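Treat the numbers as computed from the prediction; the structure is a model and nothing was measured.
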Amino acid sequence: LLGGDAKPVVEKLVELLQDRDEAVRTAAADAVAAAGPLNGDSTTKLAAGLASADNVVRAQTAEALGNVGAAAEHAAPPLVEALDDHNDVVRAKAVEALGKIGETAAPVAVPGLVKALRDADSWVSALAAEALGEMGDGAGESVVTALVHALRHVNPQVRANAAEALGKLGPAAAWARSAVERAAADEDGPVRAAAVRALGGLCEPTPSTLALVRNAIRDADPLVRAAAAAAVGSWDRPGDEVLNDLLPLLRDANDDVKVQVASVLPRLAGATGPVIDGLCQMLAEDDSALVQGCAAIALARLGPVALAAGPTLLRAAKTGEAGVREQAVRALVMIQPPEAIEGFTAGLIDPSGDVRVVASAGWIKAATVPPDAAPALVEALRDPEPQVRANVAFALSRLDELPPAAVPLLVECASDPNDGLRLNAAVALQLAPPDEVADLMDHLLDDPNVRIRLVAARAVLTRSPGNERGVAVVTAASADPS
């Protein structure tokens with residue numbers, strides 16, 4: 001929380017990075033990372049643990065430096081030396097730490113990480129492949145060459161990590177496309193998945209890449225199908241044929257596949273009938289609340305052109321699990337179908353506070369607030385959530401006439417500690433009979449919030465144009481550059 005102000009205590013935190021308790025080490029690492037880059041003395045003090053005779057201390061030191069992340073960039077040289085440690089756990093932790101430090105370590109780390117791809121321990125090699133994918137612009141042609149070679153490693157985890165790393169390197173590894181395409185036909189499902197996903201990062205697809213990804217969409221392994229959807233989502237113009245191939249996956253047996261496809265289609269395919277129908281079917285029929293929620297989110301992204309989803313969203317807003325209800329109401333806010341008003345009304349009495357907040361916000365964005373919504377809005381002024389009360393107060397201010405039952409509740413809201421609630425209550429009370437709120441508006445002329453003072457001044461000056469206090473508030477606000 002202190003950020004850079006924590007620098008004076010960094011040396012004390014460095015000592016805790018070598019604590020035997022993992023929770024203590026993790027908390028100390030987070031604090032050091034927040035304080036910014038370790039200075040030379042702190043780096044030297046911490047890195048000294050890499051020279052300990054105790055295997056556990058060396059491993060914990062490397063782990064601690066990795067947990068600190070980019071702030072430990074000056075520790076890269078001793079970590080590179082630790083890549084030759086006789087203990088495989090120490091080597092693994094050192095490789096992992098260099099990957100977490102990332103691109104700033106590249107000039108020192110890359111040669112050692114390339115060498116670590118050939119480590120006798122496959123776990124170390126797999127972590128080295130993963131770390132090389134974090135080297136960014138510091139990864140030259142030699143890194144891509146080494147990762148391409150690692151695609152033929154006997155261990156499938158090494159092959160998968162190498163493919164993933166090439167995808168992360170993006171256009172810099174584009175010349176390795178053919179090798180990644182071969183890996184997309186690997187006998188191991190996770191390797192195929194990593195390679196297919198990586199193809200999405202190597203610039204726009206070639207015909208051969210498109211063919212491979214279309215085949216991957218029909219792969220028996222759900223990891224590969226999900227990766228194919230992710231790859232398609234990485235491209236700007238994958239083509240109608242590929243998008244049509246993805247549509248059936250909205251009904252896939254695997255939840256991860258459906259979630260991935262739902263996140264891709266709205267952006268690439270738009271609000272076509274098949275896309276809206278498929279997402280509505282997911283929302284209405286899927287047995288997973290996660291999938292249903294993702295379907296609602298996808299529909300929300302389509303915006304007002306997805307009006308046809310209104311009935312399905314309304315049902316989900318009333319009958320789904322709490323998270324689904326929230327996302328369905330949020331989609332009603334974004335799309336504004338005819339069913340939105342009913343959904344917002346139902347949402348105001350939802351058991352979930354999160355749903356009520358979203359539903360109350362819906363009234364702010366709604367094209368109109370119909371008079372018959374007033375009773376529900378007035379009742380919502382009693383809601384325990386300040387944000388709900390603030391939202392419905394603003395919604396009431398959009399009515400042509402303020403319901404008499406709202407006045408005492410809004411007066412109470414105008415005394416709340418929450419600035420937003422006081423402001424919206426004051427705005428709504430401008431519609432109340434002036435004599436009923438005269439004392440309150442006089443009191444609000446001294447409110448600590450300038451916007452509330454101005455609302456009160458407007459009400460006071462409308463009632464009494466020459467009111468000195470009201471004039472003083474407006475004059476002071478006019479002279480305030482903020």
Side-chain angles (χ1 to χ4, degrees), residues 250 258-259 261-263 265-267 269-381 383 385-399 420 424:
L250 289 173
K258 287 180 285 195
V259 167
V261 175
S263 71
L265 280 176
R267 180 178 67 85
T272 64
V275 170
I276 294 175
D277 290 345
L279 291 172
C280 284
Q281 184 176 357
M282 281 177 62
L283 178 57
E285 301 177 8
D286 203 273
D287 60 1
S288 165
L290 171 64
V291 173
Q292 290 177 317
C294 289
I297 291 171
L299 287 166
R301 288 174 180 160
L302 293 173
V305 290
L307 288 175
T312 304
L313 287 168
L314 178 59
R315 284 195 298 274
K318 289 182 173 181
T319 64
E321 294 187 15
V324 177
R325 297 197 306 274
E326 179 183 352
Q327 296 304 335
V329 174
R330 199 178 298 277
L332 289 171
V333 175
M334 300 302 296
I335 298 170
Q336 291 291 320
E339 297 79 7
I341 296 300
E342 184 178 349
F344 300 158
T345 302
L348 287 178
I349 57 174
D350 195 278
S352 167
D354 291 336
V355 175
R356 297 197 305 276
V357 168
V358 176
S360 62
W363 289 108
I364 295 176
K365 188 168 182 178
T368 60
V369 180
D372 58 6
L377 292 170
V378 170
E379 185 59 32
L381 288 173
D383 196 279
E385 295 288 341
Q387 190 61 56
V388 174
R389 302 200 300 277
N391 289 345
V392 297
F394 185 86
L396 286 165
S397 75
R398 299 180 62 197
L399 292 170
N424 288 351

Pairs involving residues 331-350, ordered by first then second residue, that meet ring pair (Phe, Tyr, Trp, His ring centres under 6.0 Å) (sequence neighbours left out):
Phe344-Trp363

Which residue pairs pass the ring pair (Phe, Tyr, Trp, His ring centres under 6.0 Å) test with at least one member in residues 292-313, sequence neighbours excluded?
none

With rounding to the nearest 0.5 angstrom, report the CG to CD distance, Asp354 to Glu385.
7.5 Å

Counting distance only, does the side-chain N/O of Arg398 pair as donor-acceptor with the main-chain N or O of Ala367 below 3.5 Å?
yes

Side chain to side chain donor-acceptor pair (under 3.5 Å) partners of Gln336, counting only residues at least two apart
none

If I compare all heavy atoms of Pro370 with all of Leu399, which pair ends up nearest, and what's the gap?
O-CD2, 4.1 Å

Rounded distance (nearest 0.5 Å) linking atom CD of Gln387 with atom CZ of Arg356
12.5 Å

To the nearest 0.5 angstrom, please state how far the CE atom of Met282 sits from the CG atom of Leu299.
9.0 Å

Can you run down the ring pair (Phe, Tyr, Trp, His ring centres under 6.0 Å) pairs that involve residues 298-319, sequence neighbours left out, and say none if there aren't any?
none

All N/O donor-acceptor pairs, side-chain side in residues 291-298, below 3.5 Å, sequence neighbours left out:
{"unit_1": "Gln292", "atom_1": "NE2", "unit_2": "Leu283", "atom_2": "O", "d": "3.1"}
{"unit_1": "Gln292", "atom_1": "NE2", "unit_2": "Asp286", "atom_2": "O", "d": "3.2"}

As an exercise, state the distance from CG of Leu377 to OG1 of Thr345, rounded to the nearest 0.5 Å.
7.5 Å

Filter on salt bridge (Lys or Arg N to Asp or Glu O under 4.0 Å), then keep only pairs touching residues 325-334, sequence neighbours left out; what's left?
Arg325-Asp350, Glu326-Arg330

Please evaluate residues Val259 and Ser263 with respect to the criterion side-chain contact (heavy atoms from CB on, under 4.5 Å), reporting the C-alpha separation (whole Å), side-chain torsions for both, the decisive distance (0.1 Å), and the verdict.
CA-CA 6 Å; Val259 167; Ser263 71; 5.7 Å; no

Least distance between heavy atoms, Ala269 atom then Val275 atom
CB-CG2, 3.8 Å

Give the minimum heavy-atom separation between Val388 and Ala380, together with the two atoms involved.
CG1-O, 4.2 Å

Apply side chain to side chain contact (heavy atoms under 4.5 Å, CB included) to Pro337 and list each qualifying residue two or more places apart in sequence or on a separate chain.
Leu307, Leu332, Ile335, Glu339, Ala340

Tell me, please, which residues at least two apart from Glu285 pass side chain to side chain contact (heavy atoms under 4.5 Å, CB included).
Gln281

Pair listing, salt bridge (Lys or Arg N to Asp or Glu O under 4.0 Å) test, anchored in residues 369-380, at least two apart:
Glu379-Arg382

Tell me, please, which residues at least two apart from Ala346 pass side chain to side chain contact (heavy atoms under 4.5 Å, CB included).
Lys318

Please name the pair of heavy atoms, one in Ile276 and one in Ala308, separated by the smallest distance, quoted to 0.1 Å.
CG2-CB, 4.4 Å

Kindly determine whether Ser360 and Arg389 satisfy side-chain contact (heavy atoms from CB on, under 4.5 Å), including the steps that lead there.
CA-CA 8 Å; Ser360 62; Arg389 302 200 300 277; over 6 Å; no

Say you draw a straight line from OG1 of Thr312 to CG of Leu279; how long is it, rounded to the nearest 0.5 Å?
10.5 Å

Atom of Gly362, atom of Val333 and distance for their closest heavy-atom approach
CA-CG2, 3.6 Å

Could you list the residues that satisfy side chain to side chain donor-acceptor pair (under 3.5 Å) with Asn424, not counting sequence neighbours?
none

Contacts of type side chain to side chain contact (heavy atoms under 4.5 Å, CB included), residue Leu381, not counting sequence neighbours
Val392, Ala393, Leu396, Ala406, Leu409, Leu410, Cys413

Shortest non-hydrogen contact from Ala328 toward Ala317
CB-N, 3.7 Å

